[in-house]
2 protein chains.
Amino acid sequence: MSSNAARAGHGESRQDAILDAAERAFAADGYQGAAMRAIAEAAGVAQGLIHYHFKTKEKLFEAMVARRSDQINARRAALVAALFAQGDPPRLEQIVEALFRPTIETGLDLARDGGAFARILVSFANSADPRDQKLIEVHYDPIAQTFIDALMRVEPGLSRADAVWAYMFAIGVGMTMMAKTGRPARLSGGICDDGDAEAMLSRIVPFICGGVRALVEG
Amino acid sequence: MSSNAARAGHGESRQDAILDAAERAFAADGYQGAAMRAIAEAAGVAQGLIHYHFKTKEKLFEAMVARRSDQINARRAALVAALFAQGDPPRLEQIVEALFRPTIETGLDLARDGGAFARILVSFANSADPRDQKLIEVHYDPIAQTFIDALMRVEPGLSRADAVWAYMFAIGVGMTMMAKTGRPARLSGGICDDGDAEAMLSRIVPFICGGVRALVEG
DNA sequence: GTCTATAGTTCGATAGAC
DNA sequence: GTCTATCGAACTATAGAC
């Protein structure tokens, strides 16, 4: 067994430990706010080791994004493919659900990080910084095209331009679900809870589908 | 005339010059990424003067947010009030337009900043950082309640919980309009342009109204 | 009110032993 | 592959002259 294979006791390499700590730190404090020192301490490794494995802070961030994105988007692609592999064509509602469920379940499933990666996505998706957009282009534009195509297949009245806008708007709505700001509770006197992803999905899906169909009719 | 009254030649106090430079810097580099040194240089003042007027970086940020927010939200409140002051009740479409137009026009109207404040709002609205949420609570929750009430008045079938969710989702969609990431052009091969706020509004308004009405019917 | 100069801290990255 | 130790360059904030 090589020295960096499964670590004794918890089956995680030091590289993974660093990526996990980085994910939490970037989610909590942002890219600029997260310190390499703090990430090293949280990962239980020396700061120098991070630079040995990932060279720079920026490359560490990219590796962290790539790891989780590839995992999420493989699942999203599989869900869409499965929907179209059935006998009759899927409903719009199923496409929209496939858009979000893998992301929220990656956050909940791993549980340990309290949706850290989802929070990174939120501060990321709407960034105009060319560095962020480059990462989005590489890791998210291909799956976006898959969903845009899917929207046009299930709603034949939708033009390509409208499908692109619809996708962007849908992502914008989804961000409000992943941000977990606590604002819905504040605005509603406690009635609305943005910590309940399942409850939010049940409102987000009809909202987006209503929006998409309004574009079709317009 | 006191020494800090209208500056010779361009009628702007040094405090305003600092706030303008801060707005641009925070928009371009984020809160952590924007340096007091750079803000001072852009404003054409000594770094010490910023601390004299605003004490700390955090208080400077708050003052910058307060200035523009109060301006935008006064305009939004006036638009909603005017809509309900007419004879017959306004349409949902008019409420949604009143939600966004003052913000995009503050960006375009001032022109000089290329929508800098809108970009700050984007990186701001979805932040779970307690400091950001405190600012949102103070400067945006009151106007949010105004719009939530307006939604319930023009769509009587909407429950309060649904109106709060609808408001949150609408803001999420609006963020995709203000972010100016260039992604729509990338995804559409150049057909969609997120630099054209007016064209985006004409899609965003029907999308959101379709979403709201879907919640009513649901 | 505005400036210069700098104190005091923290950061990303590297060097070199093991 | 991993550590300790440290360099050099930022940063925010303050002190004090004008």
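Below, chains carry the letters A, B, ... as their sequence lines are ordered, and counting in each starts from 1. These numbers come from the heavy atoms of this one structure, side chains and all, not from hydrogens, waters or symmetry mates.
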Peer 1: Just to be sure I understand the rule, does B:Ala40 reach a base, reach only the sugar-phosphate, or reach nothing, if contact means heavy atoms closer than 4.0 Å?
Peer 2: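 Counting heavy atoms under 4.0 Å across all strands, no contact is made by B:Ala40.
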
Peer 1: Take a 6.0 Å sphere around CZ of B:Arg75 and say whether it holds more than 12 heavy atoms from other residues, nucleotides or ligands.
Peer 2: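 Counting neighbours around CZ of B:Arg75, 12 or fewer heavy atoms of other residues, nucleotides or ligands fall under 6.0 Å, so no.
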
Peer 1: Can you check the A:Asp16 CG to D:dT2 P distance for me, whole Å?
Peer 2: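 Whole-Å distance recorded here is 12 Å.
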
Peer 1: Between B:Arg14 and B:Asp20, does any NZ, NE, NH1 or NH2 come within less than 4.0 Å of an OD or OE carboxylate oxygen?
Peer 2: no

Peer 1: Please work out if A:Ala38 contacts a base, only the sugar-phosphate, or nothing of the nucleic acid, heavy-atom cut-off 4.0 Å.
Peer 2: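 Counting heavy atoms under 4.0 Å across all strands, no contact is made by A:Ala38.
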
Peer 1: Take the protein atom CD of A:Glu41 and the nucleotide atom P of C:dT10, then report the distance between them rounded to whole Å.
Peer 2: 13 Å

Peer 1: Could you state the atom-to-atom distance from CD1 of B:Ile50 to P of D:dC11 in whole Å?
Peer 2: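 Nearest whole value for this atom pair: 12 Å.
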
Peer 1: Give the rounded distance in Å between these two atoms: CG of B:Leu60 and C1' of D:dA13.
Peer 2: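 About 13 Å, once rounded to whole Å.
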
Peer 1: For the side chain of B:Val45, starting at C-beta, report the closest nucleotide among D:dC3, C:dG12, C:dC3.
Peer 2: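 In terms of side-chain proximity for B:Val45, the closest of D:dC3, C:dG12, C:dC3 is C:dC3.
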
Peer 1: Relative to B:Phe26, does B:Lys57 satisfy both conditions: NZ or CZ under 6.0 angstrom from the six-membered ring centre, and within 45 degrees of the ring's axis?
Peer 2: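 The answer is no; the distance or angle limit is not met.
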
Peer 1: OP1 or OP2 of C:dT2 versus the side-chain N and O atoms of B:Arg14: is any pair under 4.0 Å?
Peer 2: yes

Peer 1: Roughly, in whole Å, what's the span from OH in A:Tyr31 to C1' in C:dC11?
Peer 2: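 These atoms are roughly 12 Å apart.
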
Peer 1: Any idea which of C:dT2, C:dC11, D:dA13 is nearest the A:Arg37 side chain?
Peer 2: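 That would be C:dC11.
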
Peer 1: Establish, with yes or no, whether the OP1 or OP2 oxygen of C:dT2 is under 4.0 angstrom from a side-chain nitrogen or oxygen of B:His51.
Peer 2: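 Answer no for this pair, as no side-chain N or O of B:His51 is under 4.0 Å from OP1 or OP2.
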
Peer 1: I want to verify a distance call: between D:dC3, C:dG1, C:dA13, whose nearest atom is closest to the A:Ala46 side chain?
Peer 2: D:dC3

Peer 1: In whole angstroms, how far is the C1' atom of C:dC11 from the CG atom of A:Asp29?
Peer 2: 14 Å

Peer 1: Find the distance B:Ile18:CD1 to C:dG1:C1' and express it as a whole number of Å.
Peer 2: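 Rounded to the whole Å, the gap is 10 Å.
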
Peer 1: So, B:Arg119 and B:Glu23, do they make that salt bridge, N to O below 4.0 Å?
Peer 2: no

Peer 1: Between A:Phe207 and B:Ala170, what is the shortest heavy-atom contact and its length?
Peer 2: CZ-N, 4.4 Å

Peer 1: Taking the nucleotide of DNA chain D with the nearest heavy atom to each, does A:Gly48 or B:Glu58 sit closer to the 5' end?
Peer 2: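 Upstream on the strand: A:Gly48.
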
Peer 1: When you measure from the side chain of B:Gln47, which nucleotide among C:dT2, D:dC3, D:dT12 comes out closest?
Peer 2: D:dT12

Peer 1: If you check the B:Ala35 side chain, which of C:dC3, D:dT12, D:dT2 turns out closest?
Peer 2: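 Given the options C:dC3, D:dT12, D:dT2, the side chain of B:Ala35 is closest to D:dT12.
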
Peer 1: Starting at atom CD of A:Gln32, determine the distance to atom C1' of C:dC11, rounded to an integer number of angstrom.
Peer 2: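 These atoms are roughly 11 Å apart.
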
